[in-house]
Amino acid sequence: METKIATWNVNSIRVRLPHVLKWVAEAKPHILLLQEIKCEDHTFPREAFEDLGYNIALAGQKTYNGVAILSREPLEDILIGLPNNDEDTQARYIEAVCGKFRVASVYVPNGMEVGSDKYAYKLAFFRHLNAHLEQRLKWGESFIVAGDYNVAPYEIDGYNPVAFRQERILCSQKEREALRQILYSGYTDALRALHPLQEHLYTWWDYRAGSWQANQGFRIDHLLLTPQAADLLIQSEVDVLPRSAEKASDHAPVWAVFS
DNA sequence: ATGGCTGAGATCCTCAGA
């Protein structure tokens with residue numbers, strides 16, 4: 001049986017609930033990984049997803065951040081937060097086993113401005129994340145780490161090559177190196193693996209300055225796969241239609257299908 | 001160099017996003 005796994009930074013699940021339910025009804029993912037739910041666990045709209053047959057694991061937080069795993073298969077072995085990062089109180093990582101796959105929903109810090117404290121926090125988060133993912137590689141599982149990485153790994157992944165040369169956030173050398181270290185360690189970027197040369201393949205468009213209308217986006221949401229998961233990869237796409245809706249999230253859902 | 005949009009939550013604005 002094929003398994004469809006999707007990731008979506010929804011920028012508030014309570015505001016976006018109608019959009020997400022509509023997309024889920026059409027796309028029918030077996031596993032949906034959410035970021036920026038921006039609510040505590042007790043205010044997450046559980047029933048709406050349970051009615052559709054999803055099991056739910058949450059790492060919520062008031063106002064900011066928050067990640068979730070929704071799965072048609074029962075959720076087992078749930079891990080909240082990176083194990084080597086106990087002092088970090090921001091809800092940015094959740095992992096669980098769903099059937100034959102281990103999955104994680106990750107929301108890497110934005111970093112705000114290169115050189116700022118938040119940028120240092122972003123790079124520190126990557127150090128913890130990368131250490132954990134290298135450890136997981138040794139388990140030899142089909143593991144999919146998906147979410148908003150807030151990094152465009154190569155120039156082709158942004159509409160504006162100047163942004164890369166100017167060391168802007170999402171594009172700076174250090175954050176790109178941090179993301180690419182995950183790839184070099186053995187993970188496969190699902191979408192790029194299947195569309196190696198495709199331009200204008202974006203997952204996020206700024207709300208401001210008519211970026212969506214001008215298709216001025218960046219590819220910053222990724223599904224990263226262990227070799228065991230990559231061997232099962234059949235298809236991966238961005239669904240850009242939800243980005244065009246009224247009151248849309250600034251991110252589009254990205255998905256992959258596995259055999 | 002700046003500003004531009006959106007959401008949350010507390011006040012009529014600030015913080016944060018990216």
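Atom set for the values below is all heavy atoms of this structure, side chains included, hydrogens, waters and symmetry mates excluded. Each chain gets a letter, A, B and so on, in the order the sequences are listed, and its residues count up from 1.
- Between A:Tyr149 atom OH and B:dA18 atom P there is a gap of 15 Å when expressed in whole angstrom units.
- Inspection of the A:Tyr93 and A:His132 side chains reveals an N or O donor paired with an N or O acceptor under 3.5 Å.
- Within the structure, every side-chain polar atom (N or O) of A:Ser211 is placed at least 4.0 Å from both OP1 and OP2 of B:dC5.
- Within the nucleic acid shown, A:Tyr107 comes within 4.0 Å of sugar-phosphate atoms alone, with no base atom in reach, counting heavy atoms only.
- No contact: A:Asp221 has no heavy atom under 4.0 Å from any strand.
- Remark: the A:Asp88 side chain and the A:Tyr121 side chain contain an N/O donor-acceptor pair separated by less than 3.5 Å.
- Proximity note for A:Lys118 (side chain, C-beta onward) versus B:dG9, B:dC5, B:dA16: the nearest is B:dA16.
- Here B:dA1 presents its C1' atom at 12 Å from CD of A:Glu113, a figure rounded to the nearest Å.
- The side chain of A:Asn11 places no N or O atom within less than 4.0 Å of a non-bridging phosphate oxygen (OP1 or OP2) of B:dG7.
- A:Thr203 places a side-chain N or O within 3.5 Å of a backbone atom of A:Asp221 that can act as its donor or acceptor partner.
- What separates CD of A:Gln61 from P of B:dG7 is a distance of 19 Å, to the nearest Å.
- In this structure, A:Ile169 reaches neither bases nor backbone, as no heavy-atom distance under 4.0 Å exists between it and the strands shown.
- The shortest distance between the side-chain N/O atoms of A:Lys247 and the OP1/OP2 oxygens of B:dG7 is below 4.0 Å.
- Separation of the C1' atoms belonging to B:dC15 and B:dT11 is 14 Å when rounded to the nearest angstrom.
- One can place CG of A:Asn160 at 20 Å from P of B:dG4, the figure rounded to the nearest angstrom.
- Dashed line: the shortest gap from a side-chain N or O of A:His251 to OP1 or OP2 of B:dA18 is under 4.0 Å.
- The residue A:Arg92 sits close only to the backbone: its heavy atoms come under 4.0 Å of sugar-phosphate atoms, none of a base.
- Under 3.5 Å, the side chains of A:Glu177 and A:Gln173 contain a donor-acceptor pair of N or O atoms.
- When the side-chain nitrogen and oxygen atoms of A:Arg14 are compared with OP1 and OP2 of B:dT6, none of them lie within a distance under 4.0 Å.
- For the pair A:Glu36 and A:Ala248, nearest-nucleotide mapping onto DNA chain B gives the more 5' position to A:Ala248.
- Taking atom P on both nucleotides, B:dA16 is separated from B:dA10 by 15 Å, rounded to a whole Å.
- Comparing B:dA18, B:dC5, B:dG9 against the side chain of A:Tyr207 picks out B:dC5 as the nearest.
- Between the OH atom of A:Tyr121 and the P atom of B:dA16 there is a distance of 12 Å, rounded to whole Å.
- At least one test fails for A:Arg219 against the ring of A:Tyr202: distance under 6.0 Å to the centre or angle within 45° of the axis.
- Under 3.5 Å, the side chains of A:Trp205 and A:Asp250 contain no donor-acceptor pair of N or O atoms.
- Below the 3.5 angstrom threshold, one finds a donor paired with an acceptor across the side chain of A:Arg208 and the base of B:dA18.
- What separates CG of A:Asn110 from P of B:dT6 is a distance of 18 Å, to the nearest Å.
- Ring pair A:His251/A:Trp204 is tilted by interplanar angle, where 30° to 60° counts as tilted.
- Rounded to the nearest Å, the gap between the C1' atom of B:dG17 and that of B:dG4 is 14 Å.
- Going from atom CD of A:Gln216 over to atom P of B:dC5 covers 13 Å, rounded to whole Å.
- A distance of about 14 Å separates the C1' atoms of B:dA18 and B:dG3, rounded to the whole Å.
- One atom, CD1 of A:Ile37, and another, P of B:dT6, lie 22 Å apart when rounded to the nearest Å.
- Of the candidate nucleotides B:dG7, B:dA18, B:dG9, B:dG9 has the atom lying nearest to any side-chain atom of A:Lys62.
- Listed nucleotides: B:dG9, B:dA18, B:dC15. Nearest to the side chain of A:Tyr64: B:dC15.
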